[in-house]
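I have placed the structure first, in the form of structure tokens, so that the comments after it can refer back to it.
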Amino acid sequence: MSEHVLGDVTVHETLPCRVLVGAGARRAVPEETRRLGSGRVLLLATGSARAAADELARALGSRLAARFDGAVVHTPVAVTEEALDLLRQADADGLVAIGGGSAVGLGKALSVRTGLPQVAVPTTYAGSEVTPVLGETKDGVKTTRRDPAIAPGTVVYDPELTLGMPPGLTLASALNALAHAVEALWAPNATAASDALATEAADGILGGLPAVLADPSGLPGRTRLQQSAWLAGLCLAQTRMGLHHQLAHVLGGTFDLPHAELHALLLPHVLAFNLPAAPRAAARLERITGGDPVAVVGGLARSHTGPTRLRALGVPREGLRPVAERVAAQPYPNPRAPDAESVTLLLEAAW
Ligand code: NAD
């Protein structure tokens with residue numbers, strides 16, 4: 001994380017984290033839990049990660065205290081409490097989360113309540129595993145907190161776990177990761193380090209995505225995409241996010257929308273809105289895309305076989321203006337001042 005403290009002085013901080021990268025890295029998970037001092041772990045998974053979780057459960061053997069397959073999007077507190085009961089009954093002393101941002105989020109929510117060490121094994125490109133941020137929902141309201149203690153101490157990136165990811169989720173999740181990199185490029189607290197991470201992430205995602213969509217089970221392409229998503233996650237952790245993440249947060253929380261698809265469909269519209277006011281980011285993205293970033297990202301987003309408009313996600317048109325007003329009223333950094341009028345127009349275009 002970095003913060004503005006003294007005029008032009010920016011502080012760049014990184015979180016301590018041990019990261020294992022490479023095909024087959026998941027097989028090191030039992031040893032990694034031992035390294036963290038855990039003797040009996042609670043394994044957390046989402047439905048689609050069941051096969052991978054089965055394999056991990058077998059590998060953990062007697063070190064598996066219990067397993068919870070009920071992680072869901074937006075980390076509802078009721079689900080966390082259910083998992084917490086299981087954790088206590090099973091007397092677990094460590095956490096392993098395998099799956100997308102939903103499983104990783106549940107691991108963070110349990111770790112922050114118990115202080116237990118966690119190993120995160122991500123299977124999407126959401127990036128949550130390297131951030132000190134936890135979003136939780138209760139009674140339909142999503143609140144977010146930031147604390148270095150929330151971030152998993154060990155992250156295991158195994159591209160083999162992503163080979164079966166359907167093309168639709170691949171595209172949406174990769175654009176979700178791209179949004180972290182793009183917002184890092186125009187962040188007020190960008191540093192040479194975050195610029196390097198964001199540029200490499202955007203290059204890897206935009207350069208690597210077509211090959212992965214053409215051959216979803218190709219390991220080299222998946223490896224490049226996963227590693228680019230890791231860098232994008234570091235951007236999310238280290239810089240202050242702007243209009244794009246605010247819109248996704250408010251829309252997603254208000255209408256309970258799928259996380260990655262929402263990010264994917266919003267991104268070209270936010271690029272069109274912000275790039276004229278963010279010449280440094282525009283120059284980098286033009287170099288990476290070899291043309292117009294809005295057209296390139298828009299083409300990718302529209303190629304999604306699932307919903308590509310807010311209307312298709314079930315957002316009512318009359319809901320756009322109140323969202324724009326909420327977003328315009330909140331203080332957050334953005335290269336172009338987002339007043340309610342212009343944000344409504346942006347949302348109308350995405351609708
Ligand atoms: P997700 O974890 O909900 O996964 C989406 C769907 O894809 C689920 O049905 C899941 O089971 C399935 N899936 C996951 N991996 C798969 C794979 N390899 N193959 C096939 N299917 C797979 O969605 P997500 O987009 O990864 O994460 C979204 C959640 O993460 C939200 O709750 C969001 O708020 C949170 N998030 C938090 C941060 C943070 O820094 N705190 C960052 C990003 C996302």
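Position 1 is the first residue of the sequence; numbering continues from there. In listed order, ligands and their atoms are each counted from 1.
Not one N or O on the side chain of T46 forms a donor-acceptor pair closer than 3.5 Å with the backbone of A103. Put simply, the side chain of T123 never gets that close to the backbone of T162: no donor and acceptor are under 3.5 Å apart. No donor-acceptor pair closer than 3.5 Å links the side chain of S194 to the backbone N or O of A190. Judged by distance alone, the side chain of W351 and the main-chain N or O of V315 form a donor-acceptor pair under 3.5 Å. With hydrogens and angles disregarded, no donor-acceptor distance shorter than 3.5 Å links the side chain of S38 to the backbone of R34.
Remark: ligand 1 and H74 share an N or O pair separated by less than 3.5 Å (distance only, no angle test). Close N/O approach between T75 and ligand 1 is not found [any backbone or side-chain N/O within under 3.5 Å]. Residue-to-ligand polar distances place V133 within reach of ligand 1: an N/O pair is separated by less than 3.5 Å. Where the criterion is an N or O separation shorter than 3.5 Å, residue side chain and backbone included, N176 fails it with respect to ligand 1. No N or O atom of S173 sits closer than 3.5 Å to an N or O atom of ligand 1.
Heavy-atom proximity to T131, at under 4.0 Å, picks out these atoms of ligand 1: 39 (C), 40 (O), 41 (N). Set against the non-hydrogen atoms of G101, the atoms of ligand 1 under 4.0 Å away are 2 (O), 24 (P), 26 (O), 27 (O), 29 (C), 30 (O). Near P166, the atoms of ligand 1 lying under 4.0 angstrom from a non-hydrogen atom of the residue are 20 (C). Contact atoms of ligand 1 toward A126: 26 (O), 27 (O), 42 (C), 43 (C), 44 (C) (distance under 4.0 Å to a heavy atom of the residue). Shown in contact with L161 at under 4.0 Å from a heavy atom are these atoms of ligand 1, numbered in order with element: 18 (N). The T123 neighbourhood of ligand 1 comprises atoms 14 (C), 15 (N), 16 (C), 17 (C), 18 (N), with distances under 4.0 Å to a heavy atom of that residue. Annotation for ligand 1: atoms under 4.0 Å from non-hydrogen atoms of K108 are 39 (C), 40 (O), 41 (N).
The protein heavy atom nearest to atom 36 (N) of ligand 1 is S128 CB, 4.0 Å. Closest protein heavy atom to atom 1 (P) of ligand 1: S102 OG, 3.3 Å. For atom 34 (O) of ligand 1, the nearest non-hydrogen atom of the protein is K142 NZ, 2.9 Å. For atom 44 (C) of ligand 1, the nearest protein heavy atom (residue, atom name, distance) is H259 NE2, 3.4 Å. Atom 9 (O) of ligand 1 has S48 OG, 4.6 Å as its closest protein atom, hydrogens excluded (heavy atom only). Given atom 19 (N) of ligand 1, the protein heavy atom at minimum distance is M165 CA, 3.5 Å. In terms of protein heavy atoms, atom 31 (C) of ligand 1 is closest to V73 CG2, 3.7 Å.
Side chains of T191 and H12: a donor on one and an acceptor on the other come within 3.5 Å. Inspection of the R113 and T80 side chains reveals no N or O donor paired with an N or O acceptor under 3.5 Å. Between the side chains of S62 and R40, no donor-acceptor pair of N or O atoms lies under 3.5 Å.
When heavy-atom distances to ligand 1 are checked against a 4.0 Å cut-off, A49 has no atom that comes that close, whether in backbone or side chain. In L169, the part holding a heavy atom less than 4.0 Å from any atom of ligand 1 is the side chain. When non-hydrogen atoms are compared, ligand 1 lies under 4.0 Å from neither the backbone nor the side chain of E129. Only side-chain heavy atoms of T46 come within less than 4.0 Å of ligand 1; its backbone N, CA, C and O stay farther off. Contact annotation for L236 and ligand 1: only side-chain heavy atoms (C-beta onward) come within less than 4.0 Å of the ligand.
Heavy atoms from other residues, nucleotides or ligands lying under 6.0 Å from CZ of R88 number 12 at most.
Taking a cutoff of 4.0 Å between a charged side-chain nitrogen and a carboxylate oxygen, E136 and R145 qualify as a salt bridge.
Under the 4.5 Å side-chain criterion, counting only non-hydrogen atoms from C-beta, L300 is in contact with L206.
Taking the six-membered ring where tryptophan is involved, the planes of H180 and H263 are perpendicular, since the angle between them exceeds 60° and thus also 30°.
The side chain to side chain donor-acceptor pair (under 3.5 Å) search around S342 returns D339, not counting sequence neighbours.
A cation-pi contact, defined as under 6.0 Å to the ring centre and within 45° of the axis, links R336 to F273.
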